[in-house]
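See structure below.
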Number of protein chains: 2
Amino acid sequence: MDGDGRGPSEVTLEEVARRAGVSPSTVSRILNGTARVRESKRKAVERAIAELDYHPNVMARGLAGGRSMSIGVVTQDISSPFYNETLKGIEDSISVAGYAPLFVSGHWNRAKEAERMALLVARRVDGIIVLTGILDDATLLTYAQRMPIVITGRSLRAPNLYSIQLGNEQAAYEATRHLIELGHSRIAHIGGPEDNVDAQERLAGFRRALAEANLPMEDRLLAVGDFHEASGLLALNQLLDTRLNFTALFVANDQMAYGARLALYRKGIRVPEDVSLIGFDDLPGSLYSTPPLTTVRQPVYDLGKAAGGAMLQLIQGRPVSEVVIPSLPLELIARESTQRRRGQSY
Amino acid sequence: MDGDGRGPSEVTLEEVARRAGVSPSTVSRILNGTARVRESKRKAVERAIAELDYHPNVMARGLAGGRSMSIGVVTQDISSPFYNETLKGIEDSISVAGYAPLFVSGHWNRAKEAERMALLVARRVDGIIVLTGILDDATLLTYAQRMPIVITGRSLRAPNLYSIQLGNEQAAYEATRHLIELGHSRIAHIGGPEDNVDAQERLAGFRRALAEANLPMEDRLLAVGDFHEASGLLALNQLLDTRLNFTALFVANDQMAYGARLALYRKGIRVPEDVSLIGFDDLPGSLYSTPPLTTVRQPVYDLGKAAGGAMLQLIQGRPVSEVVIPSLPLELIARESTQRRRGQSY
DNA sequence: CTGTTAGCGCATTCAA
DNA sequence: TTGAATGCGCTAACAG
């Protein structure tokens, strides 16, 4: 009743050995470059591999060698446009070394995130990359005792762990400066969740720029969202309700900026003529929003590459200090949603 | 020099057995529900598992049982916003059965796609879900001889294969009808790659609606893109160059519609006052574009769920005919980028 | 119902 | 250099 012929059973290393007239261990050595082998045998084995179309069984290899050749990647939301390029960067960097990524998402839920981490451990991944997780530092440190960990958006230090920081605060500062230099003095901000590190840093950068320019920081011009579009729309309406006439708006991420932009459109407020709008992330869609959104570019692909590269180093047992990550600069991308303030200068 | 203490070595099934005072096989049986076990022993084992915080080694299990408990998912572009929800749907549906997805992307390249499929085979995935792949039918059929295959956007029939179709043609027809009913008679179309099945079907639906309404089909009003934003922008400029004054535009996917919308904005052509714009997919961002984009909603999440569910059935050896997939209707979402045609009625 | 015995396919000793 | 032997952790017959 069940499965009929599951097709030709897989070719095994042993068959390759037999065909090449050598022992299984020799084949294994050639496969892994574990030892020098006579050229003639290597050739014979390589031919046998090609003829049989042999592919090593990753699970058997993992069982025997204690490594699964896969590395776990924890995101909050696998379907967030923000993480996509990063995932691609990770995939690109680790796949050249024969590793495959195992993506799981925590859905912004601490318990779920812990559960997904456990799943990765059960699968014996050789390391875990955590993209701005919400697990506490202590838990992460515990994990780092068992396997290499690479984490973004946090600055932890431990033997088996590497953290990659992005200059959120500085970039937010520059974004705000951009607005100030355009002559805006009443600037509103839509921030991310208050317990989110990225959001906190961006808010801090915003505050610093304002303070430095001696501009008042009005709490009522501060709204909070959850990094999704809908919350940006809501937040903007809230801001409008204050009837404090701001002429510029700095939003903590592009998705919320889209929501805010729609709210503005609905009210007939023009961008950038009436209010200048600046986001954060530079999602692929931001170049194509109307008008194209001024924003801060996060080097998301490079971030993924860097994380994958660091993981590979860690797996090889290199100490953290040797792990060299090229600096990942955030960059202000001035497009058409911001412009010089018009009208009376205050 | 290399790895220092990799932490406490993993607890094994054998340790659990010892602790619970039973044999390993009994533990295995309890874990897999393979046979009835005396209640007292079950309890003892469950306690031991909890106390030891035991997690089965997936690789060992896979090696022994011949199943890896993971299923491969092939997409063209893991970073495409279109696939995201689908991936989530797949993850949700298969994870409840203990399976984990292995995502790989073919990057719209036949050779690469074949290579990724090979990687999945090497990892001994228990089945492969192909989201609108570009591999030819014959190759897929060959794969289906070795393992269950679920594929979208194609209608193949084979014992170990299930294909899920979405009504692209019909939906495109309805989208075009929508435009016609609004009084538009000169409608342009930006299609996807000519060798892409989805693109072909959408074009066919477009043509059918036009023919049915006795509207002329002008080839110069047909442009082609690659499903990405930039190509939409280019295509629209091409269309404009014809100086054929169309009043409505049907684009084969939302991403290209974004590009077209920007091109329109650049030329000062208003949406929807001057031209009505309709896309296809209903990406998350389409609700927040300005104006919100009229489009065809693809049930992407449900598609993923259905694909995952079908895969589970196939793995259990159920014949295809028993695989019941709820129908997945495409749906026209009328928003604000389309409106009744103004001016002289032609 | 439950314990014992064999492998699953490969990496890795240990000898030769 | 290379082959033979052993075991990774677990499932699946096979006997009780």
Side-chain angles (χ1 to χ4, degrees), chain A residues 2-3 6 8-45 48-49 52-70 98 121-126, chain B residues 2-3 6 8-46 48-49 52-70 98 121-126 315:
Chain A
D2 207 280
R6 273 280 183 268
S9 63
E10 295 302 332
V11 189
T12 70
L13 179 147
E14 192 179 340
E15 298 175 58
V16 172
R18 203 157 30 206
R19 174 136 186 167
V22 301
S23 78
S25 358
T26 299
V27 178
S28 173
R29 288 182 183 111
I30 293 177
L31 252 28
N32 303 289
T34 314
R36 296 197 60 75
V37 173
R38 190 175 309 157
E39 197 52 28
S40 63
K41 301 208 171 187
R42 142 169 286 113
K43 288 256 186 139
V45 169
I49 289 180
L52 265 32
D53 190 28
Y54 166 72
H55 294 277
N57 182 320
V58 179
M59 291 187 299
R61 189 185 280 210
L63 224 211
R67 295 166 317 141
S68 64
M69 297 309 283
S70 64
V121 173
R123 295 224 160 221
R124 302 299 190 275
V125 294
D126 297 328
Chain B
D2 208 280
R6 269 282 183 268
S9 62
E10 296 300 333
V11 334
T12 71
L13 178 148
E14 191 179 343
E15 298 175 55
V16 172
R18 203 156 33 206
R19 175 138 187 166
V22 301
S23 79
S25 7
T26 299
V27 177
S28 174
R29 289 183 183 107
I30 293 177
L31 251 29
N32 302 290
T34 315
R36 295 199 60 75
V37 173
R38 189 175 308 156
E39 196 53 28
S40 64
K41 300 207 171 186
R42 141 168 283 111
K43 288 257 185 138
V45 168
E46 280 167 353
I49 288 179
L52 264 33
D53 189 29
Y54 166 73
H55 294 278
N57 181 322
V58 179
M59 290 187 299
R61 190 185 280 209
L63 224 211
R67 295 165 316 139
S68 64
M69 297 310 282
S70 64
V121 172
R123 295 227 161 220
R124 302 300 190 274
V125 294
D126 298 328
I315 286 177

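Letters A, B, ... mirror the listed sequences (proteins, then strands); counts begin at 1. Hydrogens, waters and symmetry mates play no part in the numbers below; they use all other heavy atoms, side chains included.
The shortest side-chain heavy-atom distance between A:Ser28 and A:Leu13 falls under the 4.5 Å cut-off. In this structure, the side chains of B:Val16 and B:Val22 stay at 4.5 Å or more apart for every pair of heavy atoms. The shortest distance between side-chain heavy atoms of B:Met69 and A:Arg123 falls below 4.5 Å. You'll find the side chain of B:Tyr54 stays beyond 4.5 Å of the side chain of B:Val45, heavy atoms only. Side-chain contact check for A:Glu15 versus A:Arg19: every heavy-atom pair is 4.5 Å or farther apart.
Counting to the nearest Å, the P atom of C:dG9 and the CZ atom of B:Arg124 are 8 Å from each other. The distance from atom CD of B:Glu10 to atom P of D:dC10 is 10 Å, rounded to the nearest whole Å. If you measure from atom CZ of B:Arg42 to atom P of C:dC1, you get 11 Å, rounded to the nearest angstrom. Atom CG in A:Leu13 sits roughly 19 Å away from atom P in D:dC8 (whole-Å rounding).
Separation of atoms CD (A:Glu10) and OG1 (A:Thr12) is listed at 10.0 Å; rounding is to 0.5 Å.
Heavy-atom distances under 4.0 Å link DNA chain C to B:Arg36, B:Val37, B:Arg38, B:Lys41 of residues 32-41 of chain B, given in residue order. Heavy-atom distances under 4.0 Å link DNA chain D to A:Leu63, A:Ala64 of residues 57-70 of chain A, given in residue order. Taken residue by residue, residues 16-31 of chain B places heavy atoms nearer than 4.0 Å to DNA chain D at B:Ser25, B:Ser28, B:Arg29.
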Side chain to side chain contact (heavy atoms under 4.5 Å, CB included) between B:Asn57 and A:Arg124, intermediate numbers included: CA-CA 7 Å; B:Asn57 181 322; A:Arg124 302 299 190 275; 3.6 Å; yes
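A:Asp126 places no side-chain N or O within donor-acceptor distance of the main-chain N or O of A:Arg67, the cut-off being under 3.5 Å.
For the residue pair A:Thr26 / A:Ser23, a side-chain donor-acceptor distance below 3.5 Å is found, with atom types taken as modelled.
Between B:Glu46 and B:Arg42 there is a salt bridge, with a side-chain nitrogen of the basic residue lying less than 4.0 Å from a carboxylate oxygen of the acidic one.
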